[in-house]
Chemist: 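Here it is, the structure, as structure tokens.
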Amino acid sequence: MSLTEAYRQLEAASVLPARRTQMEDALRLAASWFLDLSNSTTWGTPTTIIRFANQTIAGLVGCAHAAEALGDSALMAAVDTGIGVFSARAQASGGWFYEPTGLDLAYSHEVQVPDMADLYRVTGDQRLLDMAERWLGILSLVTVREPDGSGYIGMGSASARTGGSVPITDAFSDARDRTAFTGELLPAVPGFAAYRPSVSTVNTARAQWAASTDPIVGRAKQNTSPRLWMHVTANAPLASAADRSAALAALPTIASSRFTEARTGVLGMQFVFVRRPRYYLASLFGQRASTRVRNGSQLLWHPTMGTTIVGFNNAAVDDDFWGTILGDGVDEARATLTAAFASGGSPVAITGLAAVTGDFSITASSATGIKTVTDVGDTGFTRTVTAPSAGTEQIPLLLQHGDALEWLGSGSGSPTWGQNSASAATGLCLTRSGVKMKLKWGARENVTLTDTARTIFEDGDRRQHLLRIPHPGALTLEVAFSS
């Protein structure tokens, strides 16, 4: 794509004709190689998937730009065929694009979808819009919006390839706008406005930049993506402030206080999203798409408090997720989890979960011997753990500076943000924005709250703290919200 852009600029200036001929030859040769559908590494096969969707779409958009610049109708027809193969093999039934088989927030949101929008600008292909709609459906469920307007926190534990603790921030600058070309989808898929800045935000930021007297600092590797200078300068459409507000209000977790949604894919992967009046809980089951993925319930959000629990997927880290860990280091979050669902004492197929809007249970088991039962209610839920030996329940709380913390059933005082604490307690109360979240485990246990250096957003205020509750192989944890 960069070579095509260079070719366009040379042609517009009517310079270096011999070099332009060489570039034409290189573009045709590269496009011919890439659009060879017998290359299963890039395209999969009729019975297999495209394993790295962002790479294949990047090749497609590069070929489309070459065909457009060269005026080559045969090459554009081959691109059209490629889009059909991509739409059939690159996206799970649950909406995510394969990276390599599971979800990856960074690759899909920041790399693939902008390139897909670029491809749509060139081709106007409806199939691309259909895929974008399906992606937006899962994106709006695996991300939650923070009430203070900082942006979104994602279910990073489910990302298969890249670090899942990176948020989608509302802070805007052209120099970092890697999703700029997603704006091309806005006229047809207005829901993307919830994940893009409004035109007034962009204009204000640009005016402030133009008025600044600060020196311009040169970019250094790995921060020299051609996506920035090509996509940002293309001035893709932006939503009005009113249209963006409407898109935010339409986000499922904000538009509704009660739903159960499930999304499925290869490897038996099952996302389950539970919205009840006082909280939102997101979980993943099945075989993991990579060793980075953490299974089970890993994201808990409240409409006023924001995110209170979130698991990450950091490489070479074994303490950033929610789960019981046995003495030998075995846990259920980094294992294949088989889930079963029941409502009113009767089994419910995952395809029937959308009809369940009241109390129900999720039973998750694995070869580790650890089994959890999550009983969902309106004001909270209960997580019951049984394990083959003594273990420790590890809960990744996401705390903020202004949070008030209190040990329950203890005379040991109150924990503090950024500091380690220990107590013989029966529970922990977190108060934020006038709402209380209580975690109760019944019997008095010698528990700890450990600060980590893991934060979300640039201000570092939201910081992961690990609550650890030892148990003899059985634990009943109640999580409830006051309002």
Chemist: Compare every heavy atom of W441 with every heavy atom of A425, then report the nearest pair and how far apart it is.
Modeler: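 Scanning both residues, the minimum pair turns out to be O-NE1, 2.8 Å.
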
Chemist: Do you know the tightest heavy-atom contact between T162 and A106?
Modeler: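 Heavy-atom minimum between the residues: OG1-CB, 3.2 Å.
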
Chemist: Return yes if some donor-acceptor pair links the side-chain N/O of W417 with the main-chain N/O of D461 below 3.5 Å, else return no.
Modeler: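 Yes, W417 side chain to D461 backbone: donor-acceptor pair under 3.5 Å.
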
Chemist: What closest approach, in Å, do S157 and Q298 show between heavy atoms, and which atom pair accounts for it?
Modeler: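 Closest heavy-atom pair between S157 and Q298: OG-CB, 3.1 Å.
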
Chemist: Check step by step if side chain to side chain contact (heavy atoms under 4.5 Å, CB included) holds for R219 and L228.
Modeler: CA-CA 11 Å; R219 306 181 77 89; L228 290 171; 3.1 Å; yes

Chemist: Could you check if a side-chain atom of L299 sits within less than 4.5 angstrom of a side-chain atom of F273, using non-hydrogen atoms only?
Modeler: no

Chemist: Under 4.5 Å between any side-chain heavy atoms of W407 and L449, yes or no?
Modeler: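 They are in contact (side-chain heavy atoms under 4.5 Å apart), so the answer is yes.
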
Chemist: Using modelled atom types and a 3.5 Å cut-off, is there a donor and acceptor pairing between side-chain atoms of D177 and backbone atoms of F172?
Modeler: no

Chemist: Indicate whether any N or O donor in one side chain lies under 3.5 Å from an N or O acceptor in the other, for E146 and T307.
Modeler: yes

Chemist: Measure up the F381 and W322 rings against each other and bin them: parallel (under 30°), tilted (30 to 60°), perpendicular (over 60°).
Modeler: tilted

Chemist: When you measure from the side chain of N420 to the backbone of D451, do you find a donor-acceptor pair of N or O atoms at a distance under 3.5 Å?
Modeler: yes

Chemist: Roughly how far, to the nearest 0.5 Å, is the OG1 atom of T374 from the CG atom of L281?
Modeler: 7.0 Å

Chemist: Hydrogens and angles aside, do R276 and T260 bring a side-chain donor and acceptor to less than 3.5 Å of each other?
Modeler: yes

Chemist: Between the main-chain N or O of T450 and the side-chain N or O of T448, is there a donor-acceptor pair closer than 3.5 Å?
Modeler: no

Chemist: Taking atom CZ of R145 and atom CG of L251, what is their separation to the nearest 0.5 Å?
Modeler: 7.5 Å

Chemist: May I ask you to test the M437-L397 pair for a side-chain heavy-atom distance under 4.5 Å?
Modeler: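 Of all side-chain heavy-atom pairs linking L397 with M437, at least one is under 4.5 Å.
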
Chemist: Show the nearest heavy-atom pair for residues T455 and G460, with the distance to one decimal.
Modeler: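 Residues T455 and G460, closest heavy atoms: CG2-O, 3.6 Å.
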
Chemist: Does R196 reach the main-chain N or O of A239 with its side chain, forming a donor-acceptor pair under 3.5 Å?
Modeler: no

Chemist: Below 30° counts as parallel, above 60° as perpendicular, anything between as tilted: where do the rings of F97 and W135 land?
Modeler: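 The rings of F97 and W135 sit tilted, inter-plane angle from 30° to 60°.
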
Chemist: Are any non-hydrogen side-chain atoms of Y280 and F259 less than 4.5 angstrom apart?
Modeler: yes

Chemist: Looking only at atom types and distance, does a side-chain atom of D320 sit under 3.5 Å from a main-chain N or O of P396, one as donor and one as acceptor?
Modeler: no

Chemist: Find the distance between CG (L399) and NE2 (H465) and round it off to the nearest 0.5 Å.
Modeler: 5.0 Å

Chemist: Would you find a donor on one side and an acceptor on the other, under 3.5 Å apart, between the side chain of R334 and the backbone of T291?
Modeler: no

Chemist: For the residue pair S159 and R292, confirm or rule out a side-chain donor-acceptor distance under 3.5 Å.
Modeler: no

Chemist: Any chance the side chains of T143 and Y195 put a donor and an acceptor closer than 3.5 Å?
Modeler: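 Yes, because at least one side-chain N or O of T143 sits under 3.5 Å from a partner of the opposite role on Y195.
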
Chemist: Run the side chain to side chain contact (heavy atoms under 4.5 Å, CB included) check on F312 and V317 step by step: do they pass?
Modeler: CA-CA 9 Å; F312 297 151; V317 172; over 6 Å; no

Chemist: Is it true that R463 and D403 make a salt bridge, defined as a side-chain N closer than 4.0 Å to a carboxylate O?
Modeler: no

Chemist: Using a distance-only test with no angle check, is there a side-chain donor-acceptor pair under 3.5 angstrom linking D319 and Q394?
Modeler: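 No, no side-chain donor-acceptor contact under 3.5 Å.
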
Chemist: Which distance, rounded to the nearest 0.5 Å, do you find between the OG1 of T308 and the CZ of R432?
Modeler: 6.5 Å

Chemist: To the nearest 0.5 angstrom, please state how far the OG atom of S389 sits from the CD1 atom of I370.
Modeler: 7.5 Å

Chemist: Assess R294 against F321: is NZ or CZ under 6.0 Å from the centre of the six-membered ring, and within 45 degrees of the ring's axis?
Modeler: no

Chemist: Within the side chain of S108, is there an N or O that forms a donor-acceptor pair under 3.5 Å with the backbone of L105?
Modeler: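 Side chain of S108 to backbone of L105: no pair is present.
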
Chemist: One pair to check against side chain to side chain donor-acceptor pair (under 3.5 Å): H302 and S433. What are the steps and the verdict?
Modeler: CA-CA 11 Å; H302 183 277; S433 301; over 6 Å; no

Chemist: Is there a donor-acceptor pair closer than 3.5 Å between any side-chain N or O of D104 and the backbone N or O of R161?
Modeler: yes

Chemist: Let's go through I395 and I469 carefully: what are the C-alpha distance in whole Å and the side-chain angles of both, what is the deciding distance for side chain to side chain contact (heavy atoms under 4.5 Å, CB included) to 0.1 Å, and is it a yes or a no?
Modeler: CA-CA 8 Å; I395 305 172; I469 310 163; 3.9 Å; yes

Chemist: Might you work through the side chain to side chain contact (heavy atoms under 4.5 Å, CB included) test for F285 and I362, ending with a clear yes or no?
Modeler: CA-CA 10 Å; F285 309 101; I362 306 170; 3.6 Å; yes

Chemist: Distance-only, no hydrogens or angles: does the R275 side chain make a donor-acceptor pair with backbone N or O of T253 under 3.5 Å?
Modeler: yes

Chemist: Quick one: does T336's side chain get under 4.5 Å of S366's, heavy atoms only?
Modeler: no

Chemist: Might you point out which heavy atoms bring D375 and S361 nearest each other, and give the distance in Å?
Modeler: OD1-CB, 3.2 Å

Chemist: Taking the side chain as C-beta and beyond, is there a heavy-atom pair between L326 and P388 under 4.5 Å?
Modeler: yes

Chemist: Taking the side chain as everything from C-beta on, heavy atoms only, tell me whether E261 gets closer than 4.5 Å to P252.
Modeler: no

Chemist: Within a strict 4.5 Å, meaning less than it, do heavy atoms of the V348 and L353 side chains meet?
Modeler: yes

Chemist: Rounded at 0.5 Å granularity, tell me how far CG in L475 sits from OG1 in T384.
Modeler: 8.0 Å

Chemist: Looking only at heavy atoms, what is the nearest atom pair of S283 and S297, with distance?
Modeler: OG-OG, 2.7 Å

